[in-house]
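All remarks here apply to the structure that follows.
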Number of protein chains: 2
Amino acid sequence: MSRLDRSLIAGAPAFAGLSPEALDDILSRAQIMRLPKGETAFRQGEPADRFFLLLHGRLRVTRINAEGAQILVRFIAPNDMFGVAMAIGAVTYPGTATAAVDSLALSWPNAAWTNLIAAYPSLAVKAMQSLGARLQDTQDRVLDLATHNVEQRIAGAVLKLARQAGRKTEEGVLIDIPLSRQDLAEMTGATLHTVSRTLSAWEAKGLVDCGRRRVVVRDEQGLTAIAKHAE
Amino acid sequence: MSRLDRSLIAGAPAFAGLSPEALDDILSRAQIMRLPKGETAFRQGEPADRFFLLLHGRLRVTRINAEGAQILVRFIAPNDMFGVAMAIGAVTYPGTATAAVDSLALSWPNAAWTNLIAAYPSLAVKAMQSLGARLQDTQDRVLDLATHNVEQRIAGAVLKLARQAGRKTEEGVLIDIPLSRQDLAEMTGATLHTVSRTLSAWEAKGLVDCGRRRVVVRDEQGLTAIAKHAE
DNA sequence: CCGCGACTTTGCTGAGGGGCAAACAAGCGG
DNA sequence: CCGCTTGTTTGCCCCTCAGCAAAGTCGCGG
């Protein structure tokens with residue numbers, strides 16, 4: 001088995017500030033895995049036996065309820081840790097993580113978690129902070145759902161994605177993840193029909209430019225205005 | 001200054017399993033505070049310099065956005081820790097905690113957090129788990145908002161409150177917190193008008209019995225049916 | 001190069017529920 | 001015990017948006 005180079009994880013905030021030896025130690029317990037587009041790292045309800053770090057690509061995390069309704073919880077970006085169910089005391093994964101594009105991840109067995117945070121306490125602090133940030137985000141989303149209408153919510157979601165996964169092009173900011181109308185609907189609590197209608201209207205006004213699973217933001221200002229205060 | 005007795009915090013899950021000496025040590029750095037009904041432990045946006053443990057009473061945590069829209073984030077029960085902004089790397093409190101009834105809390109300066117988790121690592125683990133549970137809860141709430149209609153959401157909220165703060169009476173399960181229509185509206189993303197109409201309809205059907213800031217669940221089964229599947 | 005499946009668009013309809021307005025309790029302080 | 005503040009109820013209107021239906025399109029796999 002070829003050794004993994006420590007540069008793989010040096011960029012992850014969770015491991016920031018650790019010594020090269022520590023990184024090597026951490027890496028020595030990791031397993032690398034390829035996740036071709038469409039494949040899942042784990043599924044909701046499965047026993048949570050490993051945790052992960054995304055090296056490359058993007059994952060989509062979804063959550064489904066008893067009635068079969070689904071939401072898109074978040075996109076995972078490179079250097080994000082995910083599936084840390086053990087840390088939060090969950091025995092099963094609370095969602096499903098699917099590769100939105102061909103991706104590459106490291107994974108560790110759950111048993112490594114306890115050892116690692118004992119050896120590197122900063123890891124626990126970082127994990128808690130990222131959990132806290134996600135809690136804030138999720139609470140903001142509740143506030144958004146409770147107080148904004150659909151058009152405002154879609155605008156907010158698109159702007160957020162543009163910030164998280166935007167790539168500048170000559171036409172505007174391209175959201176660099178395959179993003180269907182259905183995805184946007186599951187992010188905003190709308191139907192794909194309404195999302196489609198809304199994007200069409202925006203396209204007519206020159207705010208965005210979109211195609212099959214593709215959205216380009218042309219007028220960030222305009223969208224921000226809609227997100228804040230639908231006139 | 002009178003010493004605080006360790007029995008005060010022995011019941012808190014965060015401190016479960018610690019030795020009496022540890023509890024005394026932790027208590028020695030704490031300050032006790034009375035929170036008469038209506039008073040706040042902290043307000044959203046204030047610099048977060050202390051964290052808390054509720055000893056007695058109930059607190060209501062609210063969060064408000066730039067436009068002035070407000071949601072009720074959660075109720076804090078005795079033995080819950082709250083305001084642990086430092087642990088999650090927040091410099092200001094992300095919400096406002098107000099006493100819903102006369103309450104009693106302990107508080108520690110932020111500086112104590114680092115010392116405490118270093119001395120008692122189980123505290124960090126517990127904190128992470130409770131944070132994880134809250135994240136799960138909040139994500140469920142997003143799913144709820146995105147996929148259920150208002151009546152289902154109100155039913156869900158009432159049932160949850162009955163479980164968290166219910167007290168059996170001869171008429172049914174009384175929710176033992178002053179709970180206005182407005183509160184329920186802020187929990188479910190509805191208007192107080194709609195909440196009022198819904199409760200009136202339920203009262204007519206004998207599902208609940210309610211008055212000023214008071215709700216009694218008479219037919220838990222019936223409410224559960226509504227929450228799951230509005231016919 | 002064709003066919004099929006996945007994704008998107010658009011029209012129509014109706015109901016859920018928000019906004020507004022006003023009347024109505026129920027405590028609380030004086 | 002009265003008046004006022006705070007919380008609640010209810011009616012009416014109208015708009016947003018989901019539901020249903022059906023017709024495109026794009027692109028991949030054979």
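Note that the structure is a prediction, hence the values are computed from the model and not measured. So you know, we letter chains A, B, ... as the sequences are listed, proteins then strands, and number each from 1.
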Each nucleotide N or O in nucleotides 28-30 of chain C that has a protein N or O under 3.5 Å away: list the pair and distance.
none

Every protein N/O lying under 3.5 Å from an N/O of nucleotides 20-25 of chain C:
residue: dA21(C); atom: N6; partner: His193(B); partner atom: ND1; Å: 3.4

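Remark: Asp137(B) engages Lys160(B) in a salt bridge (Lys or Arg N to Asp or Glu O under 4.0 Å) (not counting sequence neighbours). Considering only residues two or more places apart in sequence or on other chains, Asp176(A) meets the salt bridge (Lys or Arg N to Asp or Glu O under 4.0 Å) condition with Arg167(A). In this structure, the side chain to side chain contact (heavy atoms under 4.5 Å, CB included) partners of Arg153(B), at least two apart in sequence or on a different chain, are Asp144(B), Leu145(B), His148(B), Val150(B), Thr188(B). By the side chain to side chain contact (heavy atoms under 4.5 Å, CB included) test, Ala14(B) pairs with Met81(B), Leu123(B), sequence neighbours left out. A search for ring-ring contact (aromatic ring centres under 6.0 Å, His included) contacts involving Tyr93(A) returns Phe42(A), not counting sequence neighbours. Looking at residues two or more places apart in sequence or on another chain, you find a side-chain hydrogen bond (donor to acceptor under 3.5 Å, both in side chains) between Asp5(A) and Ser7(A).
Protein atom CG of Leu184(B) is 11 Å distant from nucleotide atom P of dT9(D), rounded to whole Å. Rounded to an integer number of Å, the gap from Arg213(B) CZ to dT9(D) C1' is 17 Å. Atom CZ of Arg214(B) and atom C1' of dG27(C) are 14 Å apart (whole Å). Protein atom CG of Leu145(A) is 16 Å distant from nucleotide atom C1' of dG18(C), rounded to whole Å. If you measure from atom CD of Glu186(B) to atom C1' of dG7(D), you get 13 Å, rounded to the nearest angstrom. Nucleotide dA18(D) holds its C1' atom 13 Å from the CD1 atom of Ile154(A), rounded to whole Å. Atom C1' of nucleotide dG7(D) and atom CG of Asp183(B) are separated by 11 Å, given to the nearest angstrom. To the nearest angstrom, P of dT6(D) lies 15 Å from CG of Leu192(B).
Taking 4.0 angstrom as the limit, Thr194(A) places a side-chain polar atom (N or O) nearer than this to OP1 or OP2 of dA18(D). At dG19(D), none of the side-chain N or O atoms of Thr191(A) fall inside 4.0 Å of OP1 or OP2 (strictly under the cut-off).
The closest donor-acceptor contact from the side chain of Thr194(B) to the backbone of Ala190(B) lies at 3.5 Å or more, if one exists at all. A donor-acceptor contact shorter than 3.5 Å is absent between the side chain of Ser196(B) and the backbone of Leu192(B). Side-chain atoms of Thr224(A) come within 3.5 Å of backbone atoms of Glu220(A) as a donor-acceptor pair (strictly under, hydrogens ignored). Distance alone, capped at 3.5 Å, places no donor-acceptor pair between the Arg213(A) side chain and the Ile177(A) backbone. Judged by distance alone, with hydrogens and angles left aside, the side-chain atoms of Gln44(B) form a donor-acceptor pair with the main-chain N or O of Ile64(B) at under 3.5 Å.
Annotation: salt bridge (charged side-chain N to carboxylate O under 4.0 Å, His left out) contacts involving residues 62-73 of chain B, sequence neighbours excluded, comprise Asp140(A)-Arg63(B). The salt bridge (charged side-chain N to carboxylate O under 4.0 Å, His left out) contacts involving residues 36-61 of chain A comprise Arg60(A)-Asp183(A), where partners must be two or more places apart or lie in separate chains.
Take the nearest nucleotide of DNA chain D for Arg181(B) and for Arg153(A): the residue whose nucleotide is more 5' is Arg181(B).
For the helix from dC1(C)-dG30(D) to dG30(C)-dC1(D), the rotation axes defined at the first and last 5 base pairs enclose an angle of 40°, given to the nearest 10°.
Looking at heavy-atom distances under 4.0 Å, Ser196(A) makes contact with a base.
In the region residues 62-71 of chain A, proximity to DNA chain C at under 4.0 angstrom, judged on heavy atoms, holds for none of the residues.
Two residues are said to be in side-chain contact when any heavy atoms from C-beta on lie closer than 4.5 Å; Arg212(B) and Ser180(B) fail this criterion.
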